[in-house]
Amino acid sequence: MEEAAQGKISEDKTKLFLLAIMLTNIVAMVNTSTVNIALPTYMRIFHVDINTVQWVVIGYLLPLGMMMPLSGYLCERYSYRKIFLSGVMALGICSLGCACSVNFYMLVVFRFLKGIAGGIIVPSTMSMLYRYIPKRLQAGYLGTIMLLQSVGMAMGPALAGILLDVSSWHVLFLFNLPLIGLIVWAGRKSLPYEAGVQAERIDFFGVIEICVGTGLVMFAFSKGEAWGWSSAAFWSCLLSGMILAVLFVIRQFHTSHPLLNFAVLKYKPFVLTLLVQCTLAMTLGINAILSQFYFQTGRGFSAATTGILLMIPSAFMMCGNAITNALHKRGLVRSLITGGMAIALLGNLGLCRLTMESSLVFVLGCYMLRFIGMAVLQMPLTNYGLGSVPPELSGHASSMFNWGKQVVQVVSTNILTVMLSLNLNRYYLAAGNTGVPVEGTMEYRLAAIQAVNTDYLYLAIFLTISLFCTFLIKPQESNCS
């Protein structure tokens with residue numbers, strides 16, 4: 001109970017705490033990246049089309065984004081220990097449910113429930129780091145966590161491909177159960193007991209407003225192309241979601257125990273970090289689609305070859321994280337953030353000029369620069385923003401941080417995907433072709449590469465704006481020791 005009173009974890013338990021947080025982020029990252037590889041398998045086994053099978057992904061991302069704003073409130077009300085351990089165990093139960101699914105609808109239901117659990121525990125890992133760990137150790141722990149996240153990002157698709165080749169799709173959901181068991185054990189041993197704050201009844205209207213509002217906005221953009229961007233269904237769904245979100249924000253200013261405390265927005269470093277991180281979320285969200293569209297549709301490479309090629313820059317992302325951990329200790333916060341953004345922008349600019357004849361060394365080099373730049377700036381930027389918020393608001397800051405990134409990633413990915421399709425048709429017709437573009441033809445492949453270039457150009461504009469934002473960072477406000 002002494003640990004709870006101090007609000008910190010004793011030194012002999014910090015390694016177990018770090019283990020729990022690292023494994024949680026790896027499991028969350030792998031759960032997101034492995035399923036995409038298996039979509040063709042689900043189509044074949046469950047006899048569903050491409051539009052239907054997307055619900056395996058959408059059914060996870062929607063509740064993930066819907067629950068993130070509530071994570072900090074729930075952790076404060078019932079204690080971080082209870083919510084985190086309960087969420088992780090729920091994640092394991094849902095993984096087992098997915099593996100045991102006998103039909104497609106059962107799989108989607110358990111993926112939805114899994115998204116609810118993930119939406120609660122993912123923000124809590126970051127807030128617990130700033131709540132329980134001494135300030136002098138926060139940056140180092142954060143760097144280690146992000147290094148392991150990049151490992152999960154790099155290895156997830158490759159691991160999924162190997163498991164699908166040597167075993168069945170069920171294993172994709174079973175292999176993380178031992179990790180979840182280890183997380184529960186480490187969490188029980190290290191997390192302090194806290195009473196929680198239960199001064200008021202839960203604001204159920206507020207819960208409905210933010211969950212349903214977020215879900216409607218994300219769902220509208222997920223179905224926008226199928227419904228039509230000018231259709232009544234799209235605009236009704238979008239406007240309803242936005243109205244509910246506005247009502248939620250207004251409601252939070254008139255309660256003593258807000259579900260999401262917008263007071264975190266008065267800390268300028270946090271706001272700056274949130275804006276830049278949303279740009280990074282936008283850039284990473286569309287990356288898989290653009291890279292596969294270029295290599296497979298444009299250049300004609302197989303999915304396996306594409307996956308192997310993209311593992312190379314992902315490996316350099318891990319190197320970037322390792323380098324950042326060492327340099328951050330020297331107090332180079334602003335230099336790392338600005339330099340990393342400049343490197344990412346340089347790599348992105350190179351991807352705006354791809355052709356059929358572009359050297360693979362050049363293309364992979366551009367991806368490498370892009371990934372290294374993001375790896376270099378992620379940790380110091382996150383620590384700069386979240387470290388500026390008082391520990392008592394860390395849960396709300398982490399919830400808003402993850403909520404903003406998740407919504408921006410889903411919305412921007414769908415918008416940029418639509419732009420990719422529109423620009424492909426535009427370039428196809430501009431080249432003197434007529435009729436509907438026919439996939440597989442040389443004309444289609446050339447137009448596809450031009451469309452990819454244009455999407456990367458859009459991203460370059462946002463990265464340039466974010467680069468100028470990084471100059472607003474003040475070195476004396478950094479949290480480095």
Would you kindly check if the NZ (Lys) or CZ (Arg) of R251 is within the cone defined by 45 degrees around the ring axis of F205 and under 6.0 Å from the six-membered ring centre? no
Measuring from L91:CG to L96:CG, what's the distance to the nearest 0.5 Å? 12.0 Å
Please report the C-alpha distance between M400 and L265 in whole Å, then the side-chain angles of each, then the deciding distance to 0.1 Å, and finally whether the side-chain contact (heavy atoms from CB on, under 4.5 Å) criterion is met. CA-CA 9 Å; M400 187 169 293; L265 296 179; 3.5 Å; yes
Just verifying a value: how many Å separate L416 CG and I286 CD1, rounded to the nearest 0.5 Å? 5.0 Å
Short side-chain to backbone donor-acceptor contact, S388 and Y267, under 3.5 Å: no
Please confirm whether the ring centroid of F110 lies under 6.0 Å from the ring centroid of F173. no
4.5 Å side-chain heavy-atom contact, M282 and L459: yes
L336 CG to M379 CE distance, which is reported to the nearest 0.5 Å: 7.5 Å
Are the side chain of R81 and the backbone N or O of R188 linked by a donor-acceptor pair below 3.5 Å? yes
Less than 4.5 Å apart, side chain to side chain, heavy atoms only: is that true for T470 and L467? yes
Should we say atom CH2 of W227 is surrounded by more than 12 heavy atoms from elsewhere, each under 6.0 Å from it? yes
S412 side-chain N/O to Q409 backbone N/O, donor-acceptor pair under 3.5 Å: yes
Quick one: are V418 and W229 in side-chain contact, heavy atoms under 4.5 Å? yes
To the nearest 0.5 Å, what is the distance between CZ (F462) and SG (C469)? 11.5 Å
Once rounded to the nearest 0.5 Å, what's the spacing between atom CD1 of I210 and atom CG of L244? 9.0 Å
Indicate the ring-plane relationship of F468 and F471, choosing parallel, tilted or perpendicular according to the 30° and 60° boundaries. tilted
side-chain contact (heavy atoms from CB on, under 4.5 Å) between L129 and I21, intermediate numbers included: CA-CA 8 Å; L129 175 67; I21 299 303; 5.8 Å; no
Got a donor-acceptor contact below 3.5 angstrom from the R370 side chain to the G347 backbone? no
Any residue meeting ring pair (Phe, Tyr, Trp, His ring centres under 6.0 Å) with W185, in chain and number order, not counting sequence neighbours: none
N176: side chain to side chain donor-acceptor pair (under 3.5 Å) partners, not counting sequence neighbours: N31
Provide the closest heavy-atom pair for M68 versus W403 in the form atom of the first, atom of the second, distance. SD-N, 3.9 Å
Nearest heavy-atom pair of L260 and Q252: which atoms, and what distance? N-OE1, 3.5 Å
N/O donor-acceptor pair under 3.5 Å between R111 side chain and V56 backbone: yes
Can you name the nearest heavy-atom pair linking M106 to G97, along with the distance? CE-O, 4.2 Å
Taking every non-hydrogen atom, the tightest pair across A460 and L345: O-CD1, 3.6 Å
Shortest non-hydrogen contact from L85 toward V184: CD2-O, 3.9 Å
Checking the side chain of S236 only, and the main-chain atoms of A233 only, is there a donor and an acceptor separated by less than 3.5 Å? no
May I ask you to check whether W55 and Y42 place their ring centers less than 6.0 Å from one another? no
Would one find more than 12 heavy atoms of other residues, nucleotides or ligands at under 6.0 Å from atom CZ of F104? yes
Does a side-chain heavy-atom distance below 4.5 Å link S95 with L174? no
Side chains of I120 and I83, heavy atoms from C-beta outward: is any pair under 4.5 Å? yes
Check whether any side-chain heavy atom of I116 lies under 4.5 Å from a side-chain heavy atom of M66, and answer yes or no. no
Main chain of C98, side chain of S101: is a donor-acceptor contact present, judged purely on distance under 3.5 Å? yes
Check the orientation of W169 and F46. Use parallel for under 30°, tilted for 30 to 60°, and perpendicular for over 60°. perpendicular
Please report the shortest heavy-atom distance between P63 and F112, naming the atom on each side. CG-O, 3.3 Å
Set out, in order, the CA-CA distance, both residues' side-chain angles and the distance that settles side chain to side chain donor-acceptor pair (under 3.5 Å) for Y130 and N383, then state yes or no. CA-CA 9 Å; Y130 287 90; N383 187 58; 2.8 Å; yes
Are the side chains of M374 and M341 in contact, using a 4.5 Å heavy-atom criterion? no
Show the numbers, then the answer: is there a side-chain contact (heavy atoms from CB on, under 4.5 Å) between L61 and L64? CA-CA 5 Å; L61 293 179; L64 190 73; 4.3 Å; yes
When you look at I473 and I337, which way does the side-chain contact (heavy atoms from CB on, under 4.5 Å) test go after all the steps? CA-CA 9 Å; I473 292 175; I337 296 173; 3.5 Å; yes
Looking at residues at least two apart in the chain, or sitting in another chain, which of them share a side-chain contact (heavy atoms from CB on, under 4.5 Å) with S124? S71, C75, F84, I121, S127, M128
So do H396 and S399 actually touch side chain to side chain, heavy atoms under 4.5 Å? no
Pick from L62, L238, V410, V212: which one makes a side chain to side chain contact (heavy atoms under 4.5 Å, CB included) with F219? L62
For the OG1 atom of T283 and the CG atom of N348, what is their distance to the nearest 0.5 Å? 6.5 Å
Would one find more than 12 heavy atoms of other residues, nucleotides or ligands at under 6.0 Å from atom CE of M242? no
